[in-house]
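Per chain, numbering begins at 1; letters A, B, ... match sequence-line order.
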There are 2 protein chains.
Amino acid sequence: MTARKENSTYTLNEKFITDCDLTYAANKIGGRWKIVILDKLGDRKLRFSELKKEFPYISERMLTLQLRALEQDELVKRTVYAAVPPRVEYELTSIALEFLPIFCQLSAWGKKNKALKKSRS
Amino acid sequence: MTARKENSTYTLNEKFITDCDLTYAANKIGGRWKIVILDKLGDRKLRFSELKKEFPYISERMLTLQLRALEQDELVKRTVYAAVPPRVEYELTSIALEFLPIFCQLSAWGKKNKALKKSRS
DNA sequence: TATGGTACAAACAAATTTGTAAGTAATGAC
DNA sequence: GTCATTACTTACAAATTTGTTTGTACCATA
């Protein structure tokens with residue numbers, strides 16, 4: 001892959017952190033995009049171009065990278081239809097579905113506490 | 001603060017993403033350390049040095065930065081006891097407590113799916 | 001023959017996150 | 001007066017993440 005990192009504390013910390021069940025899970029959905037992508041795919045299958053429309057400013061590169069990573073982690077299934085123009089669909093796997101209720105709760109937390117913050121202007 | 005970023009897509013994406021309740025919440029606990037710190041503090045108050053011991057390779061700088069950020073977001077309360085040597089305690093706020101059940105579920109997901117992954121060697 | 005749409009890939013660059021190393025203040029113990 | 005302790009701070013550097021730009025393959029249609 002891409003020139004593995006050596007045995008720094010960066011890596012030691014990474015290992016330490018992904019040994020833990022909690023952060024193992026958190027890392028799967030970490031970063032700027034993964035959670036929202038999974039959340040969108042929670043409603044229905046989406047094509048690459050449909051996903052792109054959901055996020056007005058995402059670059060195609062970012063979207064591709066994130067989808068590839070999610071595919072690697074078996075959270076997303078990619079299906080290519082051999083048509084012209086090409087057609088590719090993304091959908092959640094069963095283990096990704098298990099995240100959805102958690103996203104709901106996070107969302108509820110966000111809604112509630114964002115409102116609180118505003119009310120204290 | 002530290003030289004604000006301009007009006008790039010990076011920033012536009014950031015805004016877009018923190019407008020969403022789900023990612024608003026996710027961002028509060030994003031990054032390498034915040035979740036684990038909050039999780040540890042879920043058990044009991046901890047001093048700076050106690051937290052440091054929990055994470056063998058974390059740098060003091062990182063720990064300080066994360067704690068400050070959590071304090072800013074009102075997820076952690078910091079209490080200084082005017083003693084010598086100094087004594088500072090960190091504890092969760094009420095809104096942070098609401099994250100704990102979510103962490104439990106994430107942890108359960110992690111436990112389950114880490115095991116699955118291993119069993120497929 | 002030229003153009004257009006889809007789903008990318010590659011080379012490059014900027015921004016952010018994380019880590020390293022050293023130093024500080026206060027004060028009591030030796 | 002030197003040392004140790006705690007909870008940091010500062011200046012710097014490395015690593016990772018995110019974004020920009022340009023280009024590709026495929027074939028249909030004009």
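For C:dG19, the OP1/OP2 oxygens have a side-chain nitrogen or oxygen of A:N13 closer than 4.0 Å. For B:T9, a side-chain nitrogen or oxygen approaches OP1 or OP2 of D:dT20 to under 4.0 Å. The shortest distance between the side-chain N/O atoms of B:R32 and the OP1/OP2 oxygens of C:dG19 is below 4.0 Å.
Here A:F103 pairs with A:F99 under the ring pair (Phe, Tyr, Trp, His ring centres under 6.0 Å) rule; sequence neighbours left out.
Each ring pair (Phe, Tyr, Trp, His ring centres under 6.0 Å) pair with one or both residues in residues 35-88 of chain A, not counting sequence neighbours, appears once here: A:W33-A:F55.
Rounded to an integer number of Å, the gap from A:E60 CD to D:dG19 P is 13 Å. Atom-to-atom, CG of B:L67 to P of D:dT6 comes out at 17 Å; the value is rounded to the nearest Å. Atom CZ in A:R61 sits roughly 10 Å away from atom C1' in C:dA13 (whole-Å rounding). In this structure, B:L63 atom CG and C:dT17 atom C1' are separated by 16 Å, rounded to whole Å. A:E14 has its CD atom 13 Å from the P atom of D:dA15, to the nearest Å. In this structure, CG of B:L12 is placed 10 Å from P of D:dG19, rounded to the nearest angstrom. Between the CE atom of B:M62 and the C1' atom of D:dA13 there is a distance of 13 Å, rounded to whole Å.
The stretch residues 47-56 of chain B touches DNA chain D through B:R47, B:F48, B:S49, each having a heavy atom within less than 4.0 Å of the strand.
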